[in-house]
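Inspection log for the structure reproduced underneath, given as structure tokens.
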There are 2 protein chains.
Amino acid sequence: MTSEPSPATKGERTRATLLAAAYQQFVTKGYHGASMRSIAEAAGITAGAIYNHYAGKEDIFRAVVLAYHPFSSALPTLANAEGETLSDFLSDAIQRFEQAFEDSPGILNLLFIELVECEGRHLPELATAFAPAVMAFTEKLQAAPDLSRTQQPFVIVRTFLSMLFAYYITEQFLTGARFPTEIGDVSDFLDIYLHGILVRAEEQK
Amino acid sequence: MTSEPSPATKGERTRATLLAAAYQQFVTKGYHGASMRSIAEAAGITAGAIYNHYAGKEDIFRAVVLAYHPFSSALPTLANAEGETLSDFLSDAIQRFEQAFEDSPGILNLLFIELVECEGRHLPELATAFAPAVMAFTEKLQAAPDLSRTQQPFVIVRTFLSMLFAYYITEQFLTGARFPTEIGDVSDFLDIYLHGILVRAEEQK
DNA sequence: CCTACCGATCGGTAGG
DNA sequence: CCTACCGATCGGTAGG
């Protein structure tokens with residue numbers, strides 16, 4: 001999404017600028033907090049001109065959610081993650097995710113807004129959009145030779161993505177709360193995800 | 001917070017009704033989506049009357065966040081979790097959390113709003129409020145005899161709370177996306193948290 | 001705690 | 001794509 005060649009016509013270029021401006025306004029102010037005027041101003045046009053490109057506020061938010069959701073950039077590359085062992089494979093997947101989050105910080109905010117202010121209205125559409133990438137990732141994950149088969153494949157994918165989400169959300173909290181000390185990083189999360197926190201039977205004595 | 005005896009004066013009763021109405025409006029509509037008028041109506045008074053109890057919208061949101069954040073009800077009881085082994089202890093802790101989430105569903109929405117629309121303005125205050133309960137829980141957790149000491153105590157608490165968060169957030173997504181099949185429950189999350197998903201060396205043959 | 005009101009801003013439209 | 005405008009609603013206040 002970010003590194004596409006500049007669109008041909010001027011109208012298409014304006015539309016792309018508008019979408020990026022809307023994304024930036026929504027993630028920092030929420031759906032109702034971002035006004036059509038503030039979006040227009042951020043895109044360098046006037047409020048009325050937006051309606052040449054989108055039917056209304058709801059329409060432009062929907063376009064933003066579909067274009068900028070956390071998986072649009074991360075999941076396709078996630079499905080390309082490499083690594084023989086489970087540890088290598090998931091480490092690679094995490095690195096790809098980190099890159100995606102670095103490229104657009106606050107990308108989780110979009111999902112929060114969708115959940116709260118839009119009451120999950122666009123979730124079905126969103127799920128359809130990234131289902132193929134999830135499937136591809138699931139198949140790759142299952143190929144790891146040292147994967148424990150005590151859980152269903154989708155449960156493993158859900159918990160893995162959950163772990164990534166949880167890391168970034170708690171990170172937002174800790175920095176927001178101005179916590180004095182560092183409390184773990186993403187490798188600690190992965191380590192626990194791979195090995196658990198229970199002492200192994202044979203080590204217990 | 002929910003089962004306190006009815007306040008003495010009528011003014012205090014109105015104030016409590018108002019706070020509950022504001023909570024309900026905020027979590028379903030977001031900060032900017034909920035209007036002072038809608039809050040007043042939900043509380044059975046007129047918009048102007050709110051200002052006899054709170055200085056303004058920001059003030060009433062702050063009061064809601066402090067009164068209804070996810071830990072206000074869950075963390076104190078969490079610190080009372082019982083169980084000899086790690087598994088028993090965390091299972092008990094999870095049950096207490098589930099109860100808290102059942103009592104007020106959508107309680108996570110408040111934190112989302114705080115992160116997005118308020119840009120985490122109240123997080124330091126919030127952190128101060130529940131730090132003691134986190135400390136108490138941390139100490140209890142460390143007493144478990146079969147806890148692996150490869151991670152720092154606070155990292156373990158962060159990842160444990162993260163796991164709970166992640167479970168409820170992904171649950172919101174899956175139901176919102178109208179996913180056809182069940183994909184794991186909280187016991188699957190706990191199981192992975194305790195044991196990891198890597199096959200153990202001695203089982204690998 | 002209500003009625004009545006304030007200026008400001010909202011999403012959206014008409015006409016060019 | 002802009003100017004000018006619409007009715008509606010916003011947060012907040014005055015006065016009682």
Side-chain angles (χ1 to χ4, degrees), chain A residues 6-66 110 113-114 116-119 121-122, chain B residues 6-66 110 113-114 116-119 121-122:
Chain A
S6 197
T9 75
K10 183 168 185 187
E12 280 165 8
R13 241 176 294 137
T14 304
R15 193 187 170 97
T17 308
L18 196 49
L19 198 68
Y23 165 75
Q24 187 257 328
Q25 289 293 306
F26 281 134
V27 296
T28 54
K29 299 177 180 174
Y31 180 81
H32 291 97
S35 70
M36 294 299 268
R37 281 161 177 81
S38 74
I39 293 171
E41 192 187 6
I45 58 175
T46 57
I50 296 183
Y51 297 87
N52 295 322
H53 299 279
Y54 296 96
K57 193 177 185 179
E58 155 69 21
D59 187 45
I60 197 170
F61 181 77
R62 184 179 154 278
V64 167
V65 162
L66 289 177
L110 213 56
I113 296 166
E114 169 64 27
V116 178
E117 295 186 89
C118 295
E119 293 166 302
R121 206 180 307 129
H122 313 89
Chain B
S6 195
T9 74
K10 183 169 184 187
E12 279 165 7
R13 242 175 295 138
T14 303
R15 192 187 171 97
T17 307
L18 197 49
L19 198 69
Y23 166 74
Q24 187 257 328
Q25 289 294 304
F26 281 133
V27 295
T28 54
K29 299 177 181 174
Y31 181 80
H32 290 97
S35 70
M36 294 298 269
R37 281 161 177 79
S38 75
I39 293 171
E41 190 186 8
I45 58 176
T46 57
I50 296 182
Y51 296 86
N52 295 320
H53 300 278
Y54 297 97
K57 193 176 184 180
E58 156 69 22
D59 187 44
I60 196 170
F61 181 77
R62 184 179 154 277
V64 167
V65 162
L66 289 177
L110 213 57
I113 296 167
E114 169 64 26
V116 178
E117 295 187 90
C118 295
E119 294 166 299
R121 205 179 308 129
H122 313 90

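To find a chain, count down the sequence lines: A is the first, B the second, and so on, and within it residues start at 1.
Residues passing the side chain to side chain contact (heavy atoms under 4.5 Å, CB included) test with V64(A), sequence neighbours excluded: L19(A), A22(A), Y23(A), F26(A), Y68(A), L110(A). Residues that satisfy the side chain to side chain contact (heavy atoms under 4.5 Å, CB included) test with A55(B), not counting sequence neighbours, are D59(B).
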List the steps, then state whether ring pair (Phe, Tyr, Trp, His ring centres under 6.0 Å) holds for H122(A) with F61(A).
-> CA-CA 10 Å; H122(A) 313 89; F61(A) 181 77; 5.7 Å; yes
How does DNA chain D look in dot-bracket form if you count Watson-Crick and G-U pairs under 3.5 Å, write [ ] for pairs that cross, and put | where a base pairs with another strand?
-> ||||||||||||||||
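One finds the CE atom of M36(A) at 14.0 Å from the CD atom of E41(A) (value rounded to the nearest 0.5 Å). Rounded to the nearest 0.5 angstrom, S35(B) OG and H32(A) NE2 are separated by 10.0 Å. Here the CZ atom belonging to R13(A) is positioned 14.5 Å from the CG atom belonging to L18(A), to the nearest 0.5 angstrom. Residue Q25(B) holds its CD atom at 10.5 Å from CD1 of I60(B), rounded to the nearest 0.5 Å.
Looking at heavy-atom distances under 4.0 Å, H53(A) makes contact with sugar-phosphate atoms alone, never a base.
Here the closest non-hydrogen pair linking A43(A) and T17(A) is O-CG2, 3.9 Å.
Near DNA chain D, meaning a heavy atom under 4.0 Å from it, residues 54-62 of chain B has G56(B), K57(B) in order of number. Within residues 38-52 of chain B, the residues approached by DNA chain D to less than 4.0 Å at the level of any non-hydrogen atom are G48(B), Y51(B), in residue-number order.
Between K29(A) and E117(B) there is no side-chain heavy-atom pair separated by less than 4.5 Å. Taking the side chain as every heavy atom from C-beta outward, V116(B) and I113(A) approach each other to under 4.5 Å. Residues Y31(B) and E114(B) have side chains not in contact (no heavy-atom distance under 4.5 Å, counting atoms from C-beta outward).
In summary, R121(B) and E58(B) engage in a salt bridge, as defined by a charged side-chain N under 4.0 Å from a carboxylate O.
The footprint of chain A on DNA chain C, defined by a heavy-atom cutoff below 4.0 Å, extends from dC10(C) to dT13(C).
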